[in-house]
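Note: hydrogens, waters and symmetry copies are ignored here, and every other heavy atom, side chains too, is used. For clarity, every value in this text was computed on a predicted model and none was experimentally measured.
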Amino acid sequence: MDTALLFLTCVVILGVASIQTRQARSDRRVARVERKLDQVMRHLGLDEEVPREDEIRALVRDGKQVQAIRLYREATGADLVEAKQAVDRLD
């Protein structure tokens, strides 16, 4: 019984490690595609439209950085780091 439990534990651990490796590989691919897309947009002189940008800029002007970041995240679906960097660029 102990051997079967040990074997099952090893299989689960290897399965989780495999899934994490695949996820990390996918994340790297997505990041690479996003960088390429950003380069193409810069080359073409295109800017990404930010929904509710006027509201976000108003919050930044009023010194409400946290609220501006929160609104940016809600409007774009960006993560916290990306939203902070984008709001900082709006200053």
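- Residues meeting the side chain to side chain donor-acceptor pair (under 3.5 Å) test with Gln65, sequence neighbours left out: Asp88.
- Every pair passing salt bridge (Lys or Arg N to Asp or Glu O under 4.0 Å) that includes a residue from residues 48-69 is listed here, sequence neighbours excluded: Arg52-Glu55, Glu53-Arg57.
- By the rule that hydrophobic residues join a cluster once side-chain heavy atoms approach within less than 4.5 Å of another member, Val16 and Leu14 end up as members of separate clusters.
- For the atom pair CG of Asp79 and NZ of Lys84, the computed distance is 13.0 Å after rounding to the nearest 0.5 Å.
- Applying the salt bridge (charged side-chain N to carboxylate O under 4.0 Å, His left out) rule to Glu74 yields no partners; only residues at least two apart in sequence or on another chain are considered.
- Annotation for Ala83 and Arg73: closest pair CB-CG, 3.3 Å, computed over non-hydrogen atoms.
- The line from CZ of Arg42 to CG of Asp47 is 11.0 Å long, rounded to the nearest 0.5 Å.
- With sequence neighbours excluded, no residue forms a side chain to side chain donor-acceptor pair (under 3.5 Å) with Gln39.
- The distance from atom CD of Glu82 to atom OH of Tyr72, rounded to the nearest 0.5 Å, is 5.5 Å.
- Distance check: Gln67 CD to Ile69 CD1 gives 9.5 Å after rounding to the nearest 0.5 Å.
- Hydrophobic clustering keeps Val50 apart from Leu37 (ILVMFWY residues linked when any side-chain heavy atoms are closer than 4.5 Å, directly or through intermediates).
- For the atom pair SG of Cys10 and CG of Leu5, the computed distance is 9.5 Å after rounding to the nearest 0.5 Å.
- Listed here is the closest heavy atom pair of Ile56 and Pro51: CD1-O, 3.9 Å.
- Remark: Leu8 CG to Thr3 OG1 distance equals 12.5 Å, nearest 0.5 Å.
- Under the 4.5 Å side-chain heavy-atom criterion for ILVMFWY residues, no single connected hydrophobic cluster contains both Leu90 and Val66.
- Asp38 pairs by the side chain to side chain donor-acceptor pair (under 3.5 Å) definition with nothing, not counting sequence neighbours.
- For residues 28-37, no pair satisfies salt bridge (Lys or Arg N to Asp or Glu O under 4.0 Å), with sequence neighbours left out.
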